[in-house]
Asker: 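The following block contains the structure, expressed as structure tokens.
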Amino acid sequence: MKDEKFAEAAEALRQLDEMQIKIGEVEGKPCSDSELARRFLPFSATTLSRMRAGMYSGDVARVTRQIRFAVDEIEMRLDRLRRAAEADKSFVRTRLAKAAIAAITKARDGKGRSVVIILAPTGAGKTEIGRHLQSRGAIYVEGRQSWMASYKAFCADVCASAGRPIRTTKYSERDAENEMLAALRARDGILYIDEANTLGRSTANAIKLIANQTGYTVALAAIPEMWDAFILGAENEVRQVVNRCQPILRHDRLSEADITPFLVRTSL
């Protein structure tokens, strides 16, 4: 380091470099600085480059703390990244998968309609789509029963999946909401919510909040019948979400064309 104030950052940067190499090994391709920053850091690749060169003119101590935090979070997420990479290798591009990815891509490129709703029965590949997107940097979170009654639980689960878990044991609903928005405002991306039929009235409002206040595209994957039942209990809240939505993808039954790729794969 060129200056004493960067001396403390050297070890944190070394550990981050190690994590960057491990990410590449897990995913089978090098992880560039820009990708590392986009997926795991709350600052840009330019800031990372200047820190490494000992030329960053901002708050070095603060960025050093952020690097240490990122190293810890990456280390915790390596197993999940490994599982996602394995899932990506066996990913089958069914008609539903192609339609979902196309809709998500359109939502990311467009303005005002940043929500994608994917409705399909169990076994149609909704989870596989989410894991595939996760292997490419998306945040994947699986719906939980607690969301129906707890807005705070939803926010906390999104924070954890984003790699920024809430550290305190006691926090209010507003604290959880602010932590979730802070985690998602750090960068733009895709938030894929599997089993989204577990949303409640308040958590449906959270989707609207994320769409309005962050750069994230939100994909909601659910079973059609369960989604329909959810709508009946939260019609006004769901309408607010649908107003921000791409055309809903509804895939009510599995056809032979959908099943065949999986049969071919398992017979090899």
Asker: Does the pair Arg68/Glu8 count as a salt bridge with the N-to-O cut at 4.0 Å?
Answerer: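 Looking at Arg68 and Glu8, the cut-off is met.
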Asker: Tell me whether Arg144 at atom CZ has more than 12 heavy atoms from other residues, nucleotides or ligands lying less than 6.0 Å away.
Answerer: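 Open.
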Asker: Distance alone, cut at 3.5 Å: any donor-acceptor contact between the side chains of Asn197 and Glu225?
Answerer: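 Glu225 and Asn197 do not have a side-chain donor-acceptor pair below 3.5 Å.
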Asker: State the CZ-NZ distance between Arg82 and Lys22, to the nearest 0.5 angstrom.
Answerer: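 Going from CZ on Arg82 over to NZ on Lys22, the span is 9.0 Å.
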Asker: Hydrophobic cluster mates of Met226, side-chain heavy atoms under 4.5 angstrom, ILVMFWY only, any path?
Answerer: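 Once heavy-atom contacts under 4.5 Å are chained together, Met226 belongs with Ile223.
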Asker: For Arg14, is there an ion pair with Glu11 - N to carboxylate O distance below 4.0 angstrom?
Answerer: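 Salt bridge present between Glu11 and Arg14.
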Asker: Hydrophobic cluster membership, with links at side-chain heavy-atom distances under 4.5 Å among I/L/V/M/F/W/Y: are Ile23 and Leu48 in one?
Answerer: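 Both belong to a single hydrophobic cluster.
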Asker: Given the rule that I, L, V, M, F, W and Y join up when any side-chain heavy atoms are under 4.5 Å apart, are Tyr171 and Leu181 in one cluster?
Answerer: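 No; tracing contacts between hydrophobic side chains, which count when under 4.5 Å, never links both residues.
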Asker: Check whether more than 12 heavy atoms from other residues, nucleotides or ligands sit under 6.0 Å from atom CZ of Arg174, and answer yes or no.
Answerer: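 Result for CZ/Arg174: open.
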Asker: Taking the side chain as every heavy atom from C-beta outward, state whether Thr64 and Met51 have any pair of such atoms under 4.5 Å apart.
Answerer: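 Of all side-chain heavy-atom pairs linking Met51 with Thr64, at least one is under 4.5 Å.
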Asker: May I ask you to list the residues sharing a hydrophobic cluster with Ile21, side-chain cutoff 4.5 Å, ordered by chain and number?
Answerer: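 Members besides Ile21: none; it forms no cluster.
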Asker: Any carboxylate oxygen within less than 4.0 angstrom of a Lys/Arg side-chain nitrogen, looking at Arg167 and Glu73?
Answerer: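 Judged by the 4.0 Å cut-off on N to carboxylate O distance, Arg167 and Glu73 do form a salt bridge.
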